[in-house]
Amino acid sequence: MRLSRSFLPTLKENPAEAQIVSHRLMLRAGLIRQTASGIYAWLPAGLKVLRNISQIVREEQDRVGAQEVLMPTLQSADLWKRSGRYDAYGPEMLRIQDRHKRELLYGPTNEEMITDLFGQTVKSYKDLPQVLYHIQWKFRDEMRPRFGVMRGREFLMKDAYSFDLDYDSAVATYRRMLLAYLRTFQRLGVRAVPMRADTGPIGGELSHEFLILAPTGESGVFYDAALEEQDWLDEPVDTNSPVALEAFFNRVTTPYAATDEMHDEAGWQAVPAERQREGRGVEVGHIFYFGDKYTRSMDVSVSGPDGNQLYPEMGSYGIGVSRLAGAIIEACHDDNGIIWPDAVAPFRAVILNLKNGDELCDAICERIYSTNEEAFLYDDRAERAGVKFADADLMGHPWQIVVGPRGAKEGKVELKRRATGERHEVSVDDALALVLAG
Ligand code: 5CA
């Protein structure tokens, strides 16, 4: 993308309405704009981030056998009356009437709709297990929307739902999903610690939250440092084996980890002092096992091996995709701006032309840009070098390729790594190889 012609409105000043760093930086870097309280438009660079996050989430869901669907945002109130949650959900649910005075709602979550869809289609235990997911906008009329996309009213969620024949198989599915989550967050360039959690309005008996550490997080967290050290991408667990899954689950859930709601002082004191980590965290994912709560209340059954009807055992698994954009910035920034992890950055590199109109500089910039117009943001504006450097740091591209008249004469550019500030003078080909490598 050429910056001179793009819709990437950066701001020099801190917007007064933004209280936390990710909100400030998302506005200043031109990623989002608010359109109503707790509702945001995603501008081109922000949308690329959202898509990059969604794609990693999708790949890890597919890897554990979940199948992607797309359910609508609007739901019929009748579905929620069947489960009994229509009245229970309260004022967070946005209720709508159509022209025929039929009651609809903007979905805050999809347990009812997926249970109904499943029931219309699956009639026999032979078709179990099934795991379905979608990545779709949700609406919760939060009392105090705040912190930008971190607590919005409209937000993008990945929600998956599983249907199993019995408890053992449902728990194996839950554990597989736990591994998928740990892999997902690590691939996104952040560490999320799983913590045993309360189940709230979703219900059920087994639940874990995933929290990214950030000083502005809404929950206090206490955990054993052992949980930060593991490389989940290199975890050799055989996900087809319930025994291996159980051993993995025990390994992940044995070290102490709790939010302030679930904190237990005696358990905490048993953690060696040098391994105690205490701070604040942002909840970026939440998984639940709740048995037959919805299949039973909505009367969705399948025929079992002996001909009797059975209520499948369910779980649901959420990831806050739009919240993650903010949470990643909370974890990855400095005083100058965002430091995007490579995997989610809107552009791999920015090309900074320090002398627009100089034949050599222009030619080198164009040559680099033309190799991959998707991956590069070309700062071809007629701005001072200082402005270009400041915007590049603010937007947080993993690499900056600085093209100036002196180096250009020798076919050299300066390559800066945003995360470390390291700079090297390299040939154009070496810069391209490094930036596009990984
Ligand atoms: N049905 C279940 C799991 S699919 C569910 O709705 N779980 S949840 O309520 O915990 O939401 C899942 C994730 O969505 C949360 O972990 C959080 O990351 C994100 N989320 C929830 N509320 C908001 C909000 N108001 N703004 C942004 N993200 C949110």
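Order of listing sets the numbers, starting from 1, for every ligand and every atom in it.
- There is no side-chain donor-acceptor pair under 3.5 Å between Gln136 and Asn110.
- Contact between Val149 and ligand 1 is present, with at least one heavy atom of the residue lying under 4.0 Å from the ligand.
- With a heavy-atom cut-off of 4.0 Å, Thr109 touches ligand 1 through its side chain alone.
- Cation-pi check for Arg95 over Tyr86 is met; the charged atom lies under 6.0 angstrom from the ring centroid and within 45 degrees of its normal.
- Residue contacts with ligand 1, taken as heavy atom pairs separated by less than 4.0 Å, involve His286 via backbone and side-chain atoms alike.
- Residue contacts with ligand 1 for Leu324 are absent, since no atom lies close enough (heavy atoms, distance under 4.0 Å).
- With a 4.0 Å cut-off on non-hydrogen atoms, Phe210 does not touch ligand 1 at all.
- Checked by atom type, the side-chain pair Tyr133/Gln61 shows no donor-acceptor distance below 3.5 Å.
- Close approach to Tyr317 involves these atoms of ligand 1, each under 4.0 Å from a residue heavy atom: 3 (C), 4 (S).
- Distances from ligand 1 to the non-hydrogen atoms of Gly285 include at least one value under 4.0 Å.
- The minimum heavy-atom distance between Val300 and Tyr311, with the atom names listed, is O-CD2, 3.4 Å.
- Between the side chains of Tyr256 and Arg275, not a single donor N or O lies within less than 3.5 Å of an accepting N or O.
- For Glu111, every heavy-atom contact with ligand 1 shorter than 4.0 Å involves the side chain, none the backbone.
- Close approach to Arg151 involves these atoms of ligand 1, each under 4.0 Å from a residue heavy atom: 26 (N).
- The heavy-atom pair separating Ala160 from Met177 by the smallest distance is CB-CE, 3.8 Å.
- Gln276 and Tyr223 share no side-chain donor-acceptor pair at under 3.5 Å.
- Taking distance alone, with nitrogen or oxygen atoms compared against 3.5 Å, Gly152 approaches ligand 1 more closely than that limit.
- Proximity to Asp159 (heavy-atom distance under 4.0 Å) selects the following atoms of ligand 1: 4 (S).
- Taking every heavy atom of Val284 and a limit of under 4.0 angstrom, the matching atoms of ligand 1 come to 16 (O), 18 (O).
- Here the CD-CG distance, from Glu13 to Leu27, works out to 13.5 Å after rounding to the nearest 0.5 Å.
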Go through the steps for Asp127 and Tyr125 under the test side-chain hydrogen bond (donor to acceptor under 3.5 Å, both in side chains), then give the verdict.
-> CA-CA 5 Å; Asp127 296 323; Tyr125 76 95; over 6 Å; no
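- The shortest N/O to N/O separation between Arg140 and ligand 1 falls below 3.5 Å.
- Ligand 1 has an N or O atom lying under 3.5 Å from an N or O atom of Glu283, backbone or side chain.
- Under 4.0 Å from ligand 1, the heavy atoms of Glu142 that appear belong solely to its side chain.
- For Met150, the heavy-atom gap to ligand 1 drops under 4.0 angstrom.
- Considering Gly315, Ser316, Gly318 only, the shortest heavy-atom separation from atom 2 (C) of ligand 1 involves Ser316.
- Arg187 contributes atom CZ, which lies 11.0 Å from atom CG of Asn52 (distance to the nearest 0.5 angstrom).
- A donor-acceptor contact closer than 3.5 angstrom is absent between the side chains of His208 and Tyr181.
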